[in-house]
Each structure stands twice: as structure tokens, then as C-alpha cells.
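Here is the naming used below: chain letters follow the sequence lines, and residue numbers restart at 1 for every chain. Note that the structure is a prediction, hence the values are computed from the model and not measured.
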Amino acid sequence: KNQVEQSPQSLIILEGKNCTLQCNYTVSPFSNLRWYKQDTGRGPVSLTIMTFSENTKSNGRYTATLDADTKQSSLHITASQLSDSASYICVVSAGKTSYDKVIFGPGTSLSVIP
Amino acid sequence: GAVVSQHPSRVICKSGTSVKIECRSLDFQATTMFWYRQFPKQSLMLMATSNEGSKATYEQGVEKDKFLINHASLTLSTLTVTSAHPEDSSFYICSARPRGHTDTQYFGPGTRLTVL
């Protein structure tokens with residue numbers, strides 16, 4: 001069964017600190033993995049996309065890693081800001097083409113406090 | 001670029017009425033649009049996939065007669081919630097896949113539906 005799990009479910013950190021969010025998936029055949037940021041009451045916005053051959057990708061203070069062997073990904077946020085408070089969703093595309101299934105993780109709710 | 005809009009952003013209606021939500025790709029043509037529903041503290045659940053000019057494909061458990069989807073053009077898809085009930089209250093989000101892109105979808109800002 002294609003499935004995406006995320007941990008932790010929620011996280012509270014102090015402004016300026018770093019944090020790492022985890023994503024484990026059991027998806028086959030793997031096509032790509034995306035991390036989205038969803039502000040409350042808004043639609044998701046893509047942060048990174050990674051294919052099978054990519055190990056790491058950065059987008060400003062966001063760095064995503066992918067281990068295709070262990071089927072794990074992480075999203076590292078450095079020097080957190082209050083505006084980083086949001087839900088972070090790991091999304092894995094399954095299929096030989098990306099027209100196939102897109103599986104959403106449950107999300108990690110991040111709260112950055114002053 | 002790659003902006004997707006939804007209208008309205010928020011709607012409150014009485015039980016039994018129908019509500020139409022529009023999803024527009026503002027600066028690109030979308031051959032495929034997706035409709036999602038999101039309940040509080042849960043992730044997005046795909047409701048249906050619509051391709052321009054053809055009938056929508058609904059996910060298992062989603063009533064096609066209740067959630068009418070029309071993808072009349074390459075820039076517009078509509079979701080009509082017919083005979084809405086309080087349990088239909090949710091956050092509805094659309095996304096659009098640009099023509100020629102197989103692995104990209106841009107999300108709209110969402111529509112908050114409250115059925116009294």
C-alpha cells in the first residue's frame with residue numbers, strides 16, 4: 001500500500017533555532033518527492049522537488065534530503081523565523097510517469113515562537 | 001508566474017443549497033485540474049481529477065452527483081457542491097497542472113465552505 005508518514009506531528013521551536021522534519025514513505029514505483037509549506041487557511045506552496053537520483057536540494061533556509069534506499073526524506077529549516085509557522089507536507093508521486101498517484105503525508109505542524 | 005486563484009475564498013450557506021467554487025489558472029493553461037478537500041488538522045484528500053473537455057475522474061467514496069466538476073476551458077474548473085449539508089463544511093483546494101508538465105501542480109489558495 002502506498003503510504004507517506006511524517007514526524008513529528010507537531011513541533012514548537014524558538015525563533016532562530018533550527019529544526020528537522022521527517023518523512024517516510026512506502027511508495028512504488030517512486031517518481032518524485034516534494035515538500036510543501038501550507039500556511040493556515042491557504043493552499044500549499046512547493047518548497048522543493050526531488051527525484052530518485054537527488055540526495056539533497058536547498059531553497060533558501062530550507063534543505064531537503066532524500067535517501068531512496070531507506071525511503072526517507074527530511075526537511076531542515078535553519079534560523080527559523082516566525083513566518084515559518086505553518087504545516088509542512090511531504091508528497092510522494094508514484095508511478096512510471098508522474099501522471100500516476102500522488103500521495104500526501106499528514107503534515108507536520110510547526111510553530112515558531114518568539 | 002503560475003498563479004492559481006479560487007473564488008470565493010470563503011462562503012457560508014444554508015443546508016440544502018448548492019455552492020459553486022471556481023478555480024482559475026491565471027497565467028498558464030491547465031490541461032488537468034485537481035480538487036481536494038481538507039478537514040481541520042488533516043492533510044489534503046484528493047476528490048477528483050478533471051481534464052479539460054472530458055468528464056472528471058472521482059476518487060473512491062466521493063459522490064459524483066453531489067460534487068459536480070466542470071472543466072470547461074484550459075483555465076477554468078468549477079466544483080459545485082449540491083444540496084450541501086453541515087458535514088460538507090471543509091476547506092476545498094484546487095490545483096492545476098500546466099500543459100506539458102507531468103510532475104507539477106500549482107495550488108489555489110483554497111475556499112472555506114461552512115454549511116449551517
**Student:** So which residue, A:Pro106, A:Gly107, A:Ser87, ends up with the most heavy-atom pairs under 4.5 Å with chain B?
**Tutor:**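 The option with the most such pairs is A:Pro106.
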**Student:** Mind checking whether A:Tyr36 and A:Arg34 have side chains closer than 4.5 Å, heavy atoms only?
**Tutor:**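 Contact flag for A:Tyr36/A:Arg34 side chains = yes.
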**Student:** Would you name the heavy atoms of A:Cys90 and A:Val4 that are closest together and state the gap between them?
**Tutor:**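 Minimum heavy-atom separation between A:Cys90 and A:Val4: O-CG1, 3.8 Å.
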**Student:** Heavy atom to heavy atom, less than 4.5 Å: which residues from residues 71-96 of chain B reach chain A?
**Tutor:**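 Heavy-atom contacts from residues 71-96 of chain B to chain A are B:Phe91, B:Ile93.
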**Student:** Considering only heavy atoms, which portion of A:Gln38 lies under 4.5 Å from any heavy atom of chain B: side chain, backbone, both, or neither?
**Tutor:**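 Just its side chain gets close to chain B.
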**Student:** Hey, which of A:Leu47, A:Leu110, A:Leu11 is the one that makes side-chain contact (heavy atoms from CB on, under 4.5 Å) with A:Ile77?
**Tutor:**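 Of A:Leu47, A:Leu110, A:Leu11, side-chain contact (heavy atoms from CB on, under 4.5 Å) with A:Ile77 is met by A:Leu110 alone.
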**Student:** Where is the tightest heavy-atom contact between A:Ser28 and A:Asn2, given as atom of each residue plus distance?
**Tutor:**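 Shortest heavy-atom contact: N-OD1, 3.1 Å.
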**Student:** In terms of heavy-atom proximity below 4.5 Å to chain A, should B:Phe34 be classed as side chain, backbone, both, or neither?
**Tutor:**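 For B:Phe34, there is no contact with chain A at all, as no heavy atom is under 4.5 Å.
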**Student:** Tell me, side chain or backbone of B:Gln38 under 4.5 Å from chain A's heavy atoms, or both, or neither?
**Tutor:**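 Just the side chain, heavy atoms under 4.5 Å.
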**Student:** Does a side-chain heavy-atom distance below 4.5 Å link A:Tyr88 with A:Leu75?
**Tutor:**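 The answer is yes; the side chains approach within 4.5 Å.
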**Student:** Could you check whether any side-chain N or O of A:Thr48 sits under 3.5 Å from a backbone N or O of A:Lys57, counting only pairs where one atom can act as donor and the other as acceptor?
**Tutor:**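 No: the side chain of A:Thr48 does not pair with the backbone of A:Lys57.
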**Student:** Under the side chain to side chain contact (heavy atoms under 4.5 Å, CB included) rule, collect the residues that match up with A:Thr20, sequence neighbours excluded.
**Tutor:**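 Side chain to side chain contact (heavy atoms under 4.5 Å, CB included) list for A:Thr20, sorted by chain: A:Gln22, A:Ser74, A:His76.
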**Student:** So, are B:Glu22 and B:Arg24 salt-bridged, with charged N and O less than 4.0 Å apart?
**Tutor:**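 Here B:Glu22 pairs with B:Arg24 in a salt bridge, since their nearest N and O are under 4.0 Å apart.
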